[in-house]
Amino acid sequence: MQEQKPVPPGTRILVVSGRLHEDADSARAARDLLQELKRQYIELVTAAGAVEALAVVESEPHLQAILVDWDMDEDAGHAPAIALAEAIRARNAGMPVFLLAKRHDGAPVPVAVLRDAEGFIWLLEETTAAASGRIRAAMCRYREALLPPLFAALEKFTREAAYSWHTPGHMGGAGFLRSPVGRMFHDYFGAPVFGADLSISVGALGSLLDHSGPIGASERYAAHVFGADRTYYVTNGTSTSNRVVMNACVARGQIVLADRNCHKSVEHGLCLTGAVPVYLRAHRNHLGLIGPIPPAALRPEAIAAAIAQSPLAAGNREKPALAIITNATYDGLCINAAQAEDWLGASVDRLLFDEAWFGHARFNPLYAGRFAMRGDPVAPRADAPTVFATQSTHKLLAALSQASMIHLREGRAKTEHARFNESYMMHASTSPQYAIIASNDVSAAMMEGAGGRRLTGEAIAEAISFRQTMARLQADFSARDDWFFTVWQPDAVADGGTILDFAEAPPALLAADQKCWMLEPGAAWHGFPALEPGYCMLDPLKVTIATPGINRTGGLAQTGIPAPLLTAYLAEHGVIAEKTTNFSVLFLFSIGVTRVKWGSLVNALLDFKRDYDGNAALARTMPALVQKDPAAFGGLGLRELAQAMFDAMRDARIPELLQQAYNFLPQPEMIPAAAHDMLVRGQGVAAGLAELGDGCAATAIVPYPPGIPLIMPGEGFGPADGPMLTYLAALQEFGKRFPAFAPDTHGIELVDGAYHGLRF
Ligand SMILES: *Cc1c(COP(=O)(O)O)cnc(C)c1O
């Protein structure tokens with residue numbers, strides 16, 4: 001018999017049969033076969049019927065083959081076995097499925113079996129050795145087919161471990177073993193991390209810079225999975241992906257239509273390219289959440305007007321070089337992308353959708369039409385704009401930090417590879433991290449075919465369960481005139497003609513119908529003006545929890561709980577949130593989330609409520625906070641602190657000033673690149689807020705929350721008592737009053753508690 005590779009540790013086979021214990025010849029033969037497989041270090045998992053079997057298939061990633069009893073149910077004939085094989089293949093198209101049958105009775109094999117099963121094991125006709133050999137061979141083929149191009153090559157290369165004389169200097173980890181601290185580092189991460197840490201000189205793996213070999217094959221594979229004409233892997237995050245696209249599309253002095261609420265990498269791209277930005281603006285709601293750019297702002301008339309009104313862009317007759325839209329937003333708002341493409345396409349030939357948060361969209365029909373790479377790429381679209389999407393694979397999918405992809409669909413502004421790659425290389429390291437590249441490869445493989453639908457479907461189902469649990473708790477408490485946190489989501493959904501409370505809606509409806517998540521114009525819950533029907537929807541995976549104290553029109557109550565206090569409390573109880581604003585906290589339901597995890601979040605929120613209602617001593621409930629400043633917090637209870645923070649926030653009018661500051665569009669005095677040039681030349685002076693009045697910003701200022709630039713380099717601060725500086729003054733005062741909760745503001749230095757910015 002041919003030599004077999006050893007099975008990897010943990011390899012499992014699922015056996016589906018309720019009759020293995022019986023005294024028939026065939027049951028005995030089946031037991032012998034299973035015994036033989038166990039002797040080869042394969043673990044067996046058993047299931048008595050189809051329901052149990054499918055649950056194992058969905059939850060057991062170590063499975064490498066399934067053996068199904070051909071006579072599972074004597075009364076129903078072979079139909080149950082055939083149906084099970086089909087259901088398994090629908091969940092995992094490559095999984096080897098064998099049917100355990102007694103002996104060939106000469107009857108024709110049903111077509112469905114030929115399609116969905118590897119074949120029969122004739123228990124009374126084959127030797128155990130032959131049968132187990134066939135199973136092992138199928139498992140081996142399955143494992144090999146499972147691996148995407150780069151991971152397969154990397155795994156093979158490191159398994160065969162050639163002696164190397166190239167960088168990195170630790171040489172497969174050996175370098176670390178020569179010092180005590182190096183040894184600890186090596187043992188912490190484990191040998192494979194270092195074995196796979198290779199140099200671009202390893203020809204066998206190809207090169208990221210020229211997209212060759214297995215790395216190039218992997219990028220082409222990802223393009224197929226993510227629906228792009230071409231895909232480029234980036235190992236320094238979507239921050240770099242955005243800068244690459246901008247450098248490839250924008251020449252000095254060209255106009256860029258940029259989402260005003262863009263990520264800071266876009267601001268950096270503006271500095272690098274020397275672009276003239278014209279901003280597309282969105283509203284903020286009562287919670288300080290950023291809305292979508294309203295449809296009216298994307299239409300050609302509005303864009304022409306915005307260019308005409310910009311002192312830097314007016315008079316520039318060249319067509320804008322690029323438009324950049326954040327979709328979905330941090331808070332999970334995603335727009336009708338086809339519509340946005342049509343509207344913007346009237347003004348510009350290249351579009352960049354910053355989909356840092358939206359890599360999962362293509363894999364679940366709930367997001368149909370809401371992302372850039374829709375459908376399958378067809379022949380070049382001469383009448384449509386060229387479209388880029390940049391995605392942080394690491395944010396919502398499973399990949400290592402910094403793993404990112406640039407996807408491209410060619411349109412009328414042809415972007416040839418050779419030209420584009422010049423900008424790509426400008427931002428790429430010549431020593432990329434192979435584990436990051438391989439994690440892009442594996443992420444694509446996880447999302448391909450039935451896997452992507454299943455993984456996104458499971459994450460959506462968990463998010464819906466959590467949202468409905470929270471809505472039910474909220475309804476229970478409010479029936480007793482008591483308070484609880486609310487989830488920012490529609491209050492009710494339509495099921496056919498019936499309107500149901502969100503908590504009562506069938507989960508299957510919420511998982512399938514975009515209408516349940518739509519921000520319809522005028523609906524009170526979302527708080528955004530200027531929308532159109534069906535334009536913008538909330539991604540259920542982004543869950544925003546609102547704390548009490550502010551109503552839907554921005555009015556403040558007498559009592560309230562600032563969200564930064566909730567976030568600090570949760571952190572002390574082992575729950576780390578994604579983002580916090582004044583009255584909201586964001587939680588991500590990525591494909592890594594589980595019921596146990598969100599269950600403990602619900603418990604922690606209920607604990608907070610208990611401690612708040614009982615004004616429990618901070619010394620007991622938030623000891624780490626008290627340790628920071630015993631004099632300030634030692635004698636306080638949780639409710640007292642919440643109220644003191646709330647009063648300070650209300651007295652300083654922070655929520656209202658935030659909205660005013662972001663609704664005010666500062667006057668540009670020079671393009672961001674010119675401001676950056678002056679900064680590099682050492683110009684600009686540090687000044688307190690009062691002295692910043694009527695000055696020009698030398699750097700961007702980015703308050704956290706919400707972490708979006710308030711002012712861009714080269715823009716005027718406005719008067720000392722204008723919206724911008726008044727808001728910063730309010731943040732400064734709040735920070736002085738509660739140093740432990742001082743807002744973090746990039747672009748501002750604290751000098752004795754006073755804010756200092758850099759002005760020209
Ligand atoms: C996080 C983020 C980025 C940057 O992505 P990294 O992978 O962290 O570099 C870009 N755009 C948006 C909208 C983001 O939220």
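Note that ligands are numbered from 1 as they come in the structure, with each ligand's atoms numbered from 1 the same way.
Proximity to Thr326 (heavy-atom distance under 4.0 Å) selects the following atoms of ligand 1: 13 (C). For ligand 1, the atoms lying closer than 4.0 Å to a non-hydrogen atom of Gly237 are 6 (P), 7 (O), 9 (O). Close approach of ligand 1 to Ser392 is summarised as follows: ligand atoms under 4.0 Å from at least one heavy atom of the residue are 5 (O), 6 (P), 7 (O). Near Ala356, with a cut-off below 4.0 Å to any heavy atom, the atoms of ligand 1 are 2 (C), 3 (C), 10 (C), 11 (N), 12 (C), 14 (C).
Ring pair Phe358/His360 is perpendicular by interplanar angle, where above 60° counts as perpendicular and below 30° as parallel. Taking the six-membered ring for Trp and thresholds of 30 and 60 degrees, Phe185 and Phe194 have ring planes inclined between 30 and 60 degrees apart.
Using modelled atom types and a 3.5 Å distance limit, the side chains of Ser265 and Ser239 yield no donor-acceptor pair.
Looking from atom 6 (P) of ligand 1 to the surrounding protein, the closest heavy atom is Thr238 N, 3.4 Å. For atom 2 (C) of ligand 1, the nearest non-hydrogen atom of the protein is Lys395 NZ, 2.4 Å. Ranking the protein heavy atoms by distance from atom 9 (O) of ligand 1 puts Ser239 OG, 2.6 Å first. Nearest protein heavy-atom contact of atom 13 (C) of ligand 1 is Asp354 OD2, 3.4 Å.
Using a 4.5 Å heavy-atom cutoff, the side chains of Trp517 and Pro540 are in contact. The shortest side-chain heavy-atom distance between Phe363 and Phe226 falls under the 4.5 Å cut-off.
Checked against the 6.0 Å centroid threshold, Phe420 and Tyr232 count as a close aromatic pair.
Neither the backbone nor the side chain of Thr390 comes within contact range of ligand 1; no heavy atom lies under 4.0 Å. The part of Trp357 lying near ligand 1 is the side chain, judged by heavy-atom distances below 4.0 Å. Contacts of His394 with ligand 1, taken as heavy-atom pairs under 4.0 Å, involve the side chain alone.
For the pair Glu715 and Arg260, the salt-bridge criterion is met [side-chain N within less than 4.0 Å of a carboxylate O].
Partners of Met425 under the side-chain contact (heavy atoms from CB on, under 4.5 Å) rule, at least two apart in sequence or in another chain, are Leu209, Asn421, Glu422.
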